[in-house]
> 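Structure incoming, see below.
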Amino acid sequence: MMAIRELKVCLLGDTGVGKSSIVCRFVQDHFDHNISPTIGASFMTKTVPCGNELHKFLIWDTAGQERFHSLAPMYYRGSAAAVIVYDITKQDSFHTLKKWVKELKEHGPENIVMAIAGNKCDLSDIREVPLKDAKEYAESIGAVVVETSAKNAINIEELFQGISRQIPPLDPHENGNSGAIKLGKPATQASRRCC
Amino acid sequence: MEGLWWEINGTVLLTEKDLGRTVVESRACSRVSQGEMSAWTMGARSLDKRGSFFKLIDTIVSELGELKQEMVQTDVSLENGLEPNEAHSMVRHKDDGFSEEKDVKTYPRDSGYDSLSNRLSILDRLLHTHPIWLQLSLSEEEAAEVLQSQPPGIFLVRKSTKMQKKVLSLRLPCELGAPLKEFAIKESTYTFSLEGSGISFADLFRLIAFYCISRDVLPFTLKLPYAISTAKTEARLEELAQLGLNFWSSPADNKPPNPPPPHRPLSSDGVCPASRQLCLINGVHSIKTRTPSELECSQTNGALCFINPLFLKVHSQDLGGGLKRPCTRTPNANGTERPRSPPPRPPPPAINSVHTSPQLSRTETQASMPETVNHNKHGNVAQLGTKPTPIPPPRLKKQASFLEAEGSAKTLPGGRPYPGRELQPEAPGPGTAGRPGGAPPAEAPGDCTRAAGPEPRAPWRGGRQRLSDMSISTSSSDSLEFDRSMPLFGYEADTNSSLEDCEEESDQETMAPPIKSKKKRNSSFVLPKLVKSQLRKMSGVFSSFLTPEKRMVRRIAELSRDKCTYFGCLVQDYVSFLQENKECHVSSTDMLQTIRQFMTQVKNYLAQSSELDPPIESLIPEDQIDVVLEKAMHKCILKPLKGHVEAMLRDFHMADGSWKQLKENLQLVRQRNPQELGVFAPTPDIVDVEKIKVKFMTMQKMYSPEKKVMLLLRVCKLIYTVMENNSGRMYGADDFLPVLTYVIAQCDMLELDTEIEYMMELLDPSLLHGEGGYYLTSAYGALSLIKNFQEEQAARLLSSETRDTLRQWHKRRTTNRTIPSVDDFQNYLRVAFQEVNSGCTGKTLLVRPYVTTEDVCQLCAEKFKVGDPEEYSLFLFVDETWQQLAEDTYPQKIKAELHSRPQPHIFHFVYKRVKNDPYGVIFQNGEEDLTTS
């Protein structure tokens, strides 16, 4: 039997960019009836195989409105990965994304895997953020990047597969279940953005 | 019959309380009428229907009477001295003629081997001797070495490092080639089973006991070492157990060529021994297997659930026509009205019948006439004294030490049979709720208790297997213990007396007068040791009815009250220390974190401690051990502390003003309409809000943080339901968090603040990443938003303050409060004043978070009495560099930011002259941070 690793993943990004749509799409496609569904879409889980491990994503959605910004550290604390979502039709949302990246770099968990999702790629005719920009930026910060469409189920799986690949395999000496979750790294706690 | 089973995911879980014993008593057990069993089964299946449960109980109670009669019959020699001459006689058994002849006192006890060994079931033997056969740390080689010299069938249980599983190492007969074979033991979340077998067991002991009787997937049944299977007393078993692994090489482990013949002492009534013949299976004298026919019966009747077809097959040959029980119901000889099936076996000695019958009638009428019953019992008491002591069940023995004190304390003083002490705390909200799962067995006890438990007459001492016992015991173990102890009176010496069978024990119910006898005892006797062990036994009976998890939790809770154990001391001392020293914590967080830390440490201690006996690994599947220990911690630490903690939290919040702040802001927020709070989804109406409030109020009654979180999840679920409003739309955090904030404000419950804090700090940290952790975080966030609502509107800055608070929270959770508390920097600013001539002085200023540098400079000028303030300014000295702060910056913000950096920075706010800075660096590295007060 494969070991299950629980990976906390937080979702960041402006309100309205489709954070929860991405997760809903991810979780609900190939819905696994064995897993008891969560009570709502703000917190969802999905288990996917990766190598000889099973990755169970515990996906923490965050509220993207500025007024809730101050709560974000509680949500990304202890995350193994962050999915930062922007809307390719809104330049502003890409700007917000950069702020999130900066905050995570400064105050997020050490070695957090960052994945950038340019959502709504089905609307590329009104695109404001060129794919090239996103790719360059992602490269500069060592993040996974894909353009997705939650609506058309494009690249959703790939997004999470990309994350899985970036998660370092378990240290065999470590205990299976908690290995990926870095609890209590002091460095991960702080949240401070310029206001 | 005591066996309660339920199906989990298609596997059958055997929860025989005492497998061995049940088997031994198969005769009696098999007598259980269909009515009872089916009622029981129904009860188990529809627990939520209280009504059916009561019905079940009634049935059980009445059936119990029948059973007793039967059992009496099977008993070779019994305590008839006790025979009640009371009014019960009306219920006399047909056989009572016999009883008169056999007075215990005059009639020499049957010293037969048979009854003695019968008394100790296989399960008892296993429980007692686990230090011998349960060798988790043994290597394969060592196990092979031990088993090498043993006859086939002898076994060990060890943990295979290769498989990372427990394995059953079985000695094979030489002709099979390999000397031993290992069978992996599969541990699921709830059960233990042998790999490849469909039969699951609640714990390891039951598994082994079963395989002593049935081979199932094994090549043959397991055998207990001769010395163990023939030991006549618990004391002997204990002696053997002392040897531990050395048993195998010691002379104690003798292997007589032939097991003694299963001879049955002559019974005056000429009972046919057929029923006992089965007990020789496997050479274990005390066990009788049921024949397949019985098993079949049990399936319908629910007596036992050996549903494995293999089992049935294997034993099908054993089927003797005589063993099949007729199912016809016949009226009781003594005129009991109830229809019952005749005893499967030949009629027993009639001796006991007399007592039994009274009991029977009593039981039946139990609910309606408790008082009378008591009287009767009382009458019996004296007689009881002459009774031989039933041997305490081994499994409890070890617990004796801790139970003793308690047991005796409880028993003695109370005139009341059922103290309800245990009961009471549990029954109301927190207790019950605190129970995990709410699995069928859990519920059962509660209901049963209500129906049957309180009756004083319930001196059901014997029936380990009796359903009725279980029901009683579960909730009011105290009362049981009490009753239990009654019969012990004259018996100390009689460990060796053959009289007690398990059946006999059950009989005692009949006679034991609960209430009065207690008093009597109290005044005149010191509890003899046996009594104590009896007590233990009783509680064991109860607890064995529970799931292993609950049993373990209960056991740990008992242990925690026993100051004779290290664990008990730890817990008791800590609890009373906290209660008596209100000043020992500087903040609510500090207090809660200390408690959490203590729980974690004690958990670690318990996981390795030998004070838990049998070891927790033998009862609880490994992946559940931590869960079970956590629950136990809640019960033995949080439960007694709940009131204190709540009061302290309130005090802290009153003192620091956060209570008031929340209160004021709650009012503000409540006046806003949902849109102003960022809500753009349907919101709960008044009715829903009321429902939510009820849930929150229930939450307040719980002591277990996990149970509280469960309720929080239910609240959130309800909110989602309202939001989705059948639209099918899924709402993420963008929508949910504002609605949650709105709902929490609408509930207008200040207590939620402490509730959330309690949960966040005390919840098992491993759960914080899951769904519970998520919604807890959201609720905490929502409350933070409310608390800072006013400021939020005034300045964005405040949100940064919230953030600081949150950050502090995280930090404190994970690092052990090396960090200053929020208060340290929220309202105070420490500023150093540097003068050319006078060196450096520092002052702590009261500075609101949104005060600008300009204001701080003014304040400094006043405080430091600077004549020419325009010459001075506020500087930040950090990382060995000086920065002059602009007038419109916010020193508190800056400070918060510095604090929030991952690496601690040493920094100082210094008020000094703008020009000529002759000293440059004025602080030495590593100097105390002046800026934090």
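Every chain is numbered from 1 and lettered A, B, ... according to where its sequence line falls, protein lines coming before strand lines. Only heavy atoms go into these numbers, but all of them, side chains included; no hydrogens, no water, no symmetry mates.
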> Quick one, B:Met730 with A:Arg25, criterion side-chain contact (heavy atoms from CB on, under 4.5 Å). Give me CA distance, side-chain angles, the key distance, then yes/no.
CA-CA 11 Å; B:Met730 308 277 287; A:Arg25 175 63 78 180; over 6 Å; no

> Check whether any side-chain N or O of A:Gln65 sits under 3.5 Å from a backbone N or O of B:Asp734 as a donor-acceptor pair, and report yes or no.
yes

> First locate atom CG of B:Leu737, then atom OG of A:Ser42, and finally report the distance between them rounded to the nearest 0.5 Å.
8.0 Å

> Please say whether more than 12 non-hydrogen atoms of neighbouring residues, nucleotides or ligands are located less than 6.0 Å from NZ in A:Lys135.
no

> Does any backbone or side-chain atom of A:Thr62 lie under 4.5 Å from a heavy atom of chain B? Answer side chain, backbone, both or neither.
backbone

> Under a 3.5 Å distance rule, please check whether A:Arg67 uses its side chain to pair with a backbone N or O of B:Leu677 as donor and acceptor.
yes

> Exactly one of A:Ile39, A:Leu58, A:Thr38, A:Asp61 should register a side-chain contact (heavy atoms from CB on, under 4.5 Å) with B:Tyr774. Which one does?
A:Asp61

> Which is it for B:Leu785 and A:Leu71 under the side-chain contact (heavy atoms from CB on, under 4.5 Å) test, yes or no, and what are the steps along the way?
CA-CA 9 Å; B:Leu785 291 170; A:Leu71 303 178; 3.8 Å; yes

> Where do B:His769 and A:Arg77 land on the side-chain contact (heavy atoms from CB on, under 4.5 Å) test, with the steps shown first?
CA-CA 9 Å; B:His769 283 288; A:Arg77 179 178 73 103; over 6 Å; no

> In this structure, are over 12 heavy atoms from other groups packed under 6.0 Å from B:Gln675 atom CD?
yes

> Tell me the residues of residues 710-723 of chain B whose non-hydrogen atoms fall below 4.5 Å from those of chain A, in number order.
B:Leu713, B:Cys716, B:Lys717, B:Tyr720

> Need one label for A:Ser20: side chain, backbone, both or neither, based on atoms under 4.5 Å from any heavy atom in chain B.
side chain

> Do you know which of A:Cys24, A:Gly16, A:Ala41, A:Ser21 has the most heavy-atom pairs with chain B at a distance under 4.5 angstrom?
A:Ala41

> Output the distance between atom CE (A:Met74) and atom OG (B:Ser784), rounded to the nearest 0.5 Å.
6.5 Å

> Of the listed residues (B:Gly678, B:Ala733, B:Gly773), which shares the most heavy-atom pairs with chain A below a 4.5 Å separation?
B:Ala733

> Take A:Phe43 and B:Ser778 through the side-chain contact (heavy atoms from CB on, under 4.5 Å) test and state the conclusion after the steps.
CA-CA 11 Å; A:Phe43 174 88; B:Ser778 298; over 6 Å; no

> For the residue pair A:Trp60 and B:Leu768, what are the closest heavy atoms and their distance?
CZ2-O, 3.3 Å

